[in-house]
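Worth saying up front: this structure is predicted, and the values here are computed from it rather than measured. The sequence lines fix the lettering, A, B, ..., with proteins before strands; numbering per chain opens at 1.
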Number of protein chains: 2
Amino acid sequence: MAVSARRGSPLSREEIRATALRLVDEGGVEALSMRKLAAELNVNPMSLYHHVDNKEALLVEVCTNMAERLHLPPDDGTPWQEQLRALGRAYHEHVRAHPALWAYVHGHPELIENRKLGLWEVLYRILRAAGVAEEELRRTSDVLHAFVTGFIFSEVQGHMSDDPDEIDRAFEQAMDIIVKGL
Amino acid sequence: MAVSARRGSPLSREEIRATALRLVDEGGVEALSMRKLAAELNVNPMSLYHHVDNKEALLVEVCTNMAERLHLPPDDGTPWQEQLRALGRAYHEHVRAHPALWAYVHGHPELIENRKLGLWEVLYRILRAAGVAEEELRRTSDVLHAFVTGFIFSEVQGHMSDDPDEIDRAFEQAMDIIVKGL
DNA sequence: ACCTGAACACCGTTCAAGT
DNA sequence: ACCTGAACACCGTTCAAGT
């Protein structure tokens, strides 16, 4: 039969997603093509369209799936300054695990339900603890998110120093400015 | 002859660059193809390769040309806080004039000789006036650049409010945090 | 239900040929 | 010197056909 001729098991959305993510991690988003992905899965390119609407829908799935794995620090009762730093660090770590895909998400924010990421709830909670007025939560969180994302993106793009220690120092300084400036 | 059969004058680098920029401004970088660009110029696709090495080289030219037109505020003797704000605003304005291309530059920083942009000299001067130690200039300027770029990128990507006044307020808050946090 | 081959409309780019 | 047509190796995707 067609199935076991080339592969042991039928394709699954999960398998497709994982392989696509691997290709992106290895060679950037521009290294992902439906045809290469199919080759990687030992499958005819057209088989993919049975499981995914099109390339963009696949990317949405891969991005969303990745973003959902962001580990958010819990409310541990420490001062808001410390919690804001912890949130920043968590975001930082997560982006470093999949830099190419994050760079893509950053450039195509329409692909992801950004506001539903839980990240925003945590950020709101911390900002409330910092005494930010209710009507300024949206604006302040937008600014902070843009700052931290800007920093991480810069790093991921190789704008920053190559020395990891120096990058950590820069990140701490970034969080210092935010905490102090708030 | 081949030339005047379709066009009055021979192609020029300048004409190619300007048309490419227009296509990008109108439809994003993904709307620029060598074939469409040639059609726009009433020329055979292959004629372009007589003036430009390849698509990437063309993009480098277009990006660099645009970035060089960033108008940097002069040292007018005002306090560093005010000068830093003015620099931020100048950058902000410039990006808003070519959002699609800037988004692309932001995602492909290797295309541009970023550090030669004059912007950095001005930023260094202002940070010195703010009392930043010589050995911290590089790190601090990296962080600030990442912050401002992050903000503008967020805005350009439609992450922020749709209300221009609200965006201006957010930008002022962003600059407040930076000035105060420094 | 799942997979496939041929085909279509696009790319960027090379190369040999035209004026 | 400048332009061009045909060709090559890639894309994403549709559609009708296979099991």
Spacing between [X] atom [atom1] and [N] atom [atom2], to the nearest angstrom:
{"X": "B:Asn44", "N": "D:dA7", "atom1": "CG", "atom2": "C1'", "answer": "13 Å"}
{"X": "B:Ile16", "N": "D:dC2", "atom1": "CD1", "atom2": "C1'", "answer": "12 Å"}
{"X": "A:Arg13", "N": "C:dC2", "atom1": "CZ", "atom2": "C1'", "answer": "15 Å"}

* No-hydrogen, no-angle side-chain donor-acceptor test under 3.5 Å, B:Thr78 and B:Asp76 -> yes

* Regarding A:His51 and A:Glu15, is there a side-chain donor-to-acceptor distance under 3.5 Å anywhere? ->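 Not at all, the side chains of A:His51 and A:Glu15 share no donor-acceptor pair under 3.5 Å.
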
* **B:Glu166 CD: over 12 foreign heavy atoms closer than 6.0 Å** =>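 Counting neighbours around CD of B:Glu166, more than 12 heavy atoms of other residues, nucleotides or ligands fall under 6.0 Å, so yes.
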
* Asked: Do other residues, nucleotides or ligands put more than 12 heavy atoms under 6.0 Å from A:Glu56 CD?
  -> no

Roughly how far, to the nearest 0.5 Å, is [atom2] of [Y] from [atom1] of [X]?
{"X": "A:Leu84", "Y": "A:Arg125", "atom1": "CG", "atom2": "CZ", "answer": "10.5 Å"}
{"X": "A:Phe151", "Y": "B:Thr149", "atom1": "CZ", "atom2": "OG1", "answer": "12.5 Å"}
{"X": "B:Cys63", "Y": "B:His98", "atom1": "SG", "atom2": "NE2", "answer": "11.0 Å"}

* Using Watson-Crick pairs (N1 to N3, plus N6-O4 or O6-N4) and G-U wobble pairs, both distances under 3.5 Å, which stems of at least 3 pairs involve DNA chain D? ->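 The stems are C:4-8 with D:12-16, C:12-16 with D:4-8.
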
* Asked: Would A:Ile126 end up clustered with A:Met175 when hydrophobic side chains under 4.5 Å apart are linked, directly or stepwise?
  -> yes

* Which nucleotides of nucleotides 10-17 of chain D have their base under 4.0 Å from a protein heavy atom (B), which only their sugar-phosphate (S), and which neither (-), written as one string 5' to 3'? -> -BBBB---

* Asked: Just to confirm, is there a sub-4.0 Å distance from OP1 or OP2 of D:dC2 to any side-chain nitrogen or oxygen of B:Ser47?
  ->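 For D:dC2, neither OP1 nor OP2 has a side-chain N or O of B:Ser47 closer than 4.0 Å.
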
* B:His51 side-chain N/O to D:dC3 phosphate OP1/OP2 under 4.0 Å -> yes

